[in-house]
Amino acid sequence: MERLGRTIRCLARQQGINVKRLKRRQRVMPVPLLSATLRMADVILAARALMRPGTRSGGDGLQRLARAVKARFSVAHAGFYMGGRASLCAVVRALGLTPGDEVLIPAFTCQCVVNALRYEGIEPVYVDIELDTYGMDASLVERALTDKTRAILIQHTFGMPGRDLENLLALARGRGLYVIEDCAHATGGRWRGKLLGTLGDIGFFSSERSKIINTIHGGFVVTDNPEIGRRLEEDAARLTPAPPEFTRRILWTLIHSYFTHSCPFRFVTSGLAEGLLSDRLVPQMHDEELAGAPCSQYHWSLPHAVAPLMMQQLSRVDRQLAERRRAAEKWAVWCLRNGLEPPKPSPDATPTWLRFPVRVDPAIKKNYAYLEKRLGAHVGVWFQSAAHPLPMALQECPRGMEAAATCINLPTLDPSRA
Ligand SMILES: *Cc1c(COP(=O)(O)O)cnc(C)c1O
């Protein structure tokens, strides 16, 4: 990083650019929501993978990653996929769920969750949320149960273990239902000291560009249950990795994302990256997914070339989470000063604070540009609908609807600090 800084200062001097002014401009670059975790070291890894065709097909990147993930989560089984969405598809198969089975999900979630379940023939059943932590409200679970219910999906939204986590775990145990933990926001978060993803039967994680670690697309599954683990591994052996062209695009998109979102000099480099790489990028969501139509990415495993990137970023997570927690404390003070209510995670929770959620007037959520200007930070709008496909209304889930209308989220990682 320091060497890059020197190179840019030197270049700037040659071009007659006033470096002091550059630094001042750097400070007013808005804090990004996407790709804030990327570092120059990731760009170097991605560039190496692009230059060495061998690493795209062979190599032992995945085996090394699997060893690291199993050790980190103290689990016997792990699988790696081309997204959190593909990970959830693998979870469904590993649990042995069959078409027609129902899974309870919170009425404030991502389209990918609904798609992954539907693509596997599973019927997602919405349960309303509570507004302290945006988790599923345990008191509403009973009425959603049918004789087809097989699992409860517990989503640690914005990286917060939900208010009703303990009750949900007990309820599932009492009813013989599987617990799937959606840790797409929660890599490295804990509850009573235990890592999220290891509280239920199986947990899945995301390394999409908006999440705690970032390989543009990617995800993994962990479980310590021998039977589920065996099925997970048998299933993984049948999958094919993302095709080489898609993998190359992932690597180019990562380089593009660094120079547009994380680089301290991004007010210069983003234009360059855009000009050079804009035709090599993969989107966050494909058009067919938004419409709920089938999409092959949900059935690809993670290619070897992407594995070292996931491993490198996992090694930085704890440091970045400490930074996110400091930012969350600041946002909580900001909320109180501005008459807004901060979220209320339980004292048992160690959230990741992927983002800091707060509810505002619906008019502000619709037109948040002025907030962005005032805060010097990008403002997120997850999730814009309680249910999917967008904009699906769920009259029986009023709090999910309220969150969709009023909840914005604020960035917790300033790439120029962590
Ligand atoms: C992003 C997200 C997912 C899916 O992860 P991808 O890696 O983007 O496929 C699942 N659940 C939640 C709550 C998410 O926000």
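Each ligand, and each atom within it, is numbered from 1 in the order the structure gives. Side-chain atoms are counted along with the backbone in the values below, which use heavy atoms only and exclude waters and symmetry mates.
Arg190 and Thr350 form no side-chain donor-acceptor contact under 3.5 Å, judged by distance and modelled atom types alone.
Within a 6.0 Å radius of CZ in Arg64, other residues, nucleotides and ligands contribute 12 heavy atoms or fewer.
Under the 4.5 Å side-chain criterion, counting only non-hydrogen atoms from C-beta, Phe356 is in contact with Cys335. No side-chain heavy atom of Pro343 sits under 4.5 Å from any side-chain heavy atom of Asp132.
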What donor-acceptor contacts under 3.5 angstrom involve side-chain atoms of residues 176-187, with partners at least two apart or in another chain?
| from | atom 1 | to | atom 2 | distance (Å) |
| --- | --- | --- | --- | --- |
| Glu181 | OE1 | His156 | NE2 | 2.7 |
| Glu181 | OE1 | Gly197 | N | 2.8 |
| Glu181 | OE2 | Gly197 | N | 3.2 |
| Glu181 | OE2 | Thr198 | N | 3.2 |
| Glu181 | OE2 | Leu199 | N | 2.7 |
| Glu181 | OE2 | Gly200 | N | 3.1 |
| Asp182 | OD1 | Ala184 | N | 2.9 |
| His185 | ND1 | Phe158 | N | 2.8 |

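Taking a heavy-atom cut-off of under 4.0 Å, ligand 1 is surrounded by Gly83, Gly84, Arg85, Cys110, Cys112, Val113, Gln155, Asp182, Ala184, His185, Ser206, Glu208, Lys211, Gly218, Phe383.
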As a quick check of understanding, evaluate side-chain hydrogen bond (donor to acceptor under 3.5 Å, both in side chains) for Tyr298 and Glu289, giving each step before the final call. CA-CA 10 Å; Tyr298 286 66; Glu289 289 181 85; 2.5 Å; yes

